Amino acid sequence: MIYEYMKHMENKQFFIKTFGCQMNQRDSEIMAQSLSRFGYVEGMDIKDADLIILNTCSIRAKAEQKVMSLLGYLRKTKEKRPDMKICVAGCVAQQEGKSIIDRMPHVDLIIGTQNIYQIGEYLLAAEDGKHRVVTQMEDNYQIPRFLPNIPFSADSADAEKAAFQFSRFVTIMQGCNNYCTYCVVPYTRGREVSRMAKDIVDEVTLLVQSGVKEITLLGQNVNSYGRTNEVCPDNSSYNFSKLLRQVSSIEGLERLRFTTSNPKDLTDELIACFKDVDNLCPQFHLPVQSGSDNVLKAMNRKYSIAQYLQQVEKLREYCPTIALSTDMIIGFPGETDEDFEATMELLEKVKFHGSFSFKYSDRPGTRSSEFDNKVDETIKSERLARFQSRQDEISLERNEEFVGQEKQIMVEAIYEDSVKGRTATHHIVHVKGQVNTKVGAMLKVKINFAGQHSLKAELI
Ligand code: 5AD
Ligand code: SF4
C-alpha cells in the first residue's frame with residue numbers, strides 16, 4: 001500500500017513555511033526528510049507546490065494571526081488547484097486541532113508537534129478524508145531516534161542552503177514543565193522529555209563527519225536536560241554540562257552553541273564550561289523576561305533579579321568576552337511604572353549585546369490570560385518603544401567595543417563584492433571586496449566599523 005502511494009507521489013513538490021523558533025526550523029527539516037521517503041522533493045516556490053506545509057507558532061497572538069491570514073489566502077489557490085494539499089503543523093496545529101479545519105475546510109491535514117516524524121504516513125491516511133487531525137500527545141513520549149540527511153553538495157546556489165551545510169541544529173530535548181504563567185509551550189509541546197545522549201552524540205558525529213562545523217543544541221529549556229528521564233544508562237548523574245563537554249570533544253566540531261536556557265536552572269557547572277570548553281562559543285542567550293521581582297513572581301519564573309545579576313557576573317568573570325542576550329516581555333499583567341523602571345535599570349546594569357522584546361500577549365490556556373490586571377495597549381506600546389530605543393543604543397555601544405579587534409568569522413554567504421560571516425559571539429560581519437573563499441570557511445578579519453545590527457571588517 002505504501003509502495004503504491006509512493007509511486008503516486010513520485011516527484012511531487014512540497015513547500016514548507018516555518019514560523020517561530022529554531023525548534024520549529026528543526027522540525028521542518030525533519031518533516032522534509034520524512035517526506036523525501038515518500039518521493040517528495042522540496043520546491044522553492046509556493047506556486048509550484050503539490051503540498052504546502054505551514055509549520056506554525058503560537059507563542060504570541062501576532063504569530064498565530066499571520067498563519068490564519070496565509071491560510072485564508074491559500075483558499076483561493078486551492079480552488080484553482082484542488083489536487084494541491086495543505087497541511088498545518090506545529091504549535092497552532094497542536095493547540096487548535098480540528099477547529100482550524102472547521103474555519104478553514106480547505107486544509108487537508110493538521111499535524112501536532114509530537115507527530116511530525118510520521119507526516120508521510122498521515123498524508124496517506126488523510127487521502128481517505130478521515131484522518132485529518134493528528135495531534136496525540138503522550139505523557140511518556142520519547143523523541144524518536146532519527147539520523148539526519150547528509151548535507152547537500154558544497155556549491156549549492158542558494159546562500160541560505162549553502163550555509164545550512166556548515167551550521168546545523170540538533171534537538172536535545174523538547175517540551176517544558178516550568179509553566180511560566182504567560183507561556184503556551186507546555187500545552188503545545190507537552191511534557192519535558194530529553195533525548196538519549198548517545199542519539200545526540202551519534203547525530204552530531206554524523207553531521208561533523210559530513211562537513212558541518214557549527215552545531216547548536218536545541219531545547220525549550222536545555223539546562224534541565226536529563227532531569228525527567230534517563231538519558232545515559234551508564235551514568236545517572238549525566239546532565240546538560242556533561243552532554244556539552246561530550247559533544248564539544250567530537251573531532252572536527254569548530255563551534256558549539258546552545259539555546260534556550262532558564263536562569264532558574266543555570267548551574268555553576270554549566271557556567272564553568274564557558275571557561276574551559278574551547279569550541280563553546282562565547283555567546284549566551286539567557287532570557288530574563290522582566291527586571292522586576294514582583295513581575296518575575298507573577299510570571300512564576302522562580303529566580304530573582306539579584307540571582308540573575310550574580311549569574312551575569314560569574315559568566316563575565318569566567319568568560320570576559322561573552323556576549324549576552326535576553327528576551328523581555330513588556331506590559332505583563334500588573335506591570336507598574338516602577339516595575340518597568342526596574343526593567344530599564346536592568347538594561348543599564350547588564351548592558352546586553354542584544355535583546356528580543358515583545359509586548360505581552362494573552363495566549364489561550366495560560367494562567368496569565370485569566371489575570372484581571374492587564375496593562376493598557378498604549379502603555380505597552382510606549383514602554384516597548386522606550387525599551388527598544390535604549391537597547392539599540394546599548395547594542396551600538398557594545399558593537400563599538402569590537403572596532404579595532406581581530407576576529408575569526410565563519411563565512412555564511414558570498415556576494416559579488418562582499419562576504420557575510422559571523423563571529424563566535426554571533427555578530428554578523430560584512431567584509432567588502434571580492435574575497436576568494438567558500439561558505440563555511442573561517443576568515444581572520446579586523447573590525448573597522450560598528451553599526452547597530454552588524455559590523456564591518458577588512459581581511460587580515
Ligand atoms: N506574550 C509575549 N511574549 C511572550 N513570550 C512567550 N510568551 C509570551 C507571551 N504570552 C516571549 C518570551 C519568550 C520568547 C520566546 O517569547 O520572551 O522567551
Ligand atoms: Fe513558537 Fe514556542 Fe512553538 Fe517554538 S515552541 S514554535 S516559539 S510556540
Side-chain angles (χ1 to χ4, degrees), residues 16-31 53-67 88-96 111-114 116 135 137 169 171 173-193 218-223 259-264 284-291 295-296 298-301 303 308 325-335 343 346 352 354-371 374-375 377 380-381 383-384 387-388 391:
I16 303 191
K17 174 135 182 78
T18 309
F19 299 83
C21 64
Q22 292 149 327
M23 200 84 175
N24 252 23
Q25 270 184 47
R26 176 69 194 125
D27 284 353
S28 290
E29 288 163 31
I30 289 169
M31 284 189 277
I53 301 162
L54 304 187
N55 194 8
T56 61
C57 169
S58 56
I59 198 88
R60 286 172 293 276
K62 229 180 181 174
E64 193 164 334
Q65 283 152 10
K66 273 193 212 157
V67 173
V88 181
C91 290
V92 178
Q94 184 65 51
Q95 223 179 0
E96 304 285 322
I111 189 159
T113 50
Q114 291 186 356
I116 55 163
T135 51
M137 271 219 270
F169 299 124
T171 305
M173 47 105 59
Q174 85 175 40
C176 185
N177 289 355
N178 288 335
Y179 291 95
C180 301
T181 53
Y182 53 80
C183 188
V184 285
V185 170
Y187 314 102
T188 62
R189 294 219 174 241
R191 310 297 292 169
E192 190 172 297
V193 51
L218 277 185
Q220 248 78 40
N221 182 18
V222 292
N223 301 6
T259 196
T260 293
S261 297
N262 187 324
K264 94 179 163 57
F284 196 9
H285 185 64
L286 192 59
V288 63
Q289 312 296 4
S290 169
V295 175
L296 289 178
M299 288 176 164
N300 192 31
R301 291 291 286 176
Y303 54 84
Y308 187 84
S325 57
T326 201
D327 287 349
M328 205 69 91
I329 298 178
I330 307 290
F332 185 78
E335 185 189 77
T343 294
L346 186 70
F352 295 101
S355 68
F356 299 95
S357 48
F358 316 97
K359 271 195 278 184
Y360 167 77
S361 138
D362 273 340
R363 304 312 298 131
T366 59
R367 281 191 8 232
S368 63
S369 66
E370 315 271 306
F371 292 177
K374 301 279 161 58
V375 176
E377 274 305 311
K380 277 199 262 182
S381 303
R383 288 180 184 165
L384 184 70
F387 178 91
Q388 291 183 335
Q391 175 63 58

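Note that this is a predicted model, so its numbers are computed, not measured. First listed ligand is number 1; within each ligand, the first listed atom is number 1.
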Item to complete: Using only heavy-atom distances, determine whether the side chains of N300 and T181 contain a donor-acceptor pair under 3.5 Å.
Response: no
Worksheet item: Are any side-chain N or O atoms of D27 and backbone N or O atoms of T113, one a donor and one an acceptor, separated by less than 3.5 Å?
Response: no
Practice prompt. Give a yes-or-no answer on whether the side chains of R301 and Y182 include a donor-acceptor pair shorter than 3.5 Å.
Written response: yes
Discussion item. Please give me the protein atoms (N, O or S only) lying under 2.8 Å from atom 3 (Fe) of ligand 2, ordered by chain and number.
Written reply: C91 SG
Worksheet item: Does a donor on one side chain sit under 3.5 Å from an acceptor on the other, for Y187 and S58?
Response: no
Fill in: Side chain to side chain, Q391 and S355, heavy atoms closer than 4.5 Å
yes
Discussion item. Checking Q388 now: which residues fulfil side-chain hydrogen bond (donor to acceptor under 3.5 Å, both in side chains) with it, not counting sequence neighbours?
Written reply: S357
Write none if no such pair exists; otherwise list each N/O atom of ligand 1 with its protein N/O partner under 3.5 Å and the distance.
residue, atom, partner, partner atom, Å
ligand 1, 1 (N), S361, N, 3.0
ligand 1, 10 (N), Y182, O, 3.1
ligand 1, 10 (N), S361, O, 2.8
ligand 1, 16 (O), R60, NH1, 2.8
ligand 1, 17 (O), Q289, OE1, 2.7
ligand 1, 18 (O), Q289, NE2, 2.9
ligand 1, 18 (O), D327, OD2, 2.6

Worksheet item: What distance do I329 atom CD1 and L296 atom CG have between them, rounded to the nearest 0.5 Å?
Response: 10.0 Å
Worksheet item: In chain order, what residues pass the side-chain hydrogen bond (donor to acceptor under 3.5 Å, both in side chains) check against Y308, with sequence neighbours excluded?
Response: none
Discussion item. A side-chain contact here means heavy atoms from C-beta on lying under 4.5 Å apart; do R189 and C91 qualify?
Written reply: yes
Response to the item:
Here the gap from Q174 atom CD to Q114 atom CD, rounded to the nearest 0.5 Å, amounts to 6.0 Å
Worksheet item: Near Q220, which atoms of ligand 2 are under 4.0 Å from a heavy atom of that residue?
Response: 5 (S)
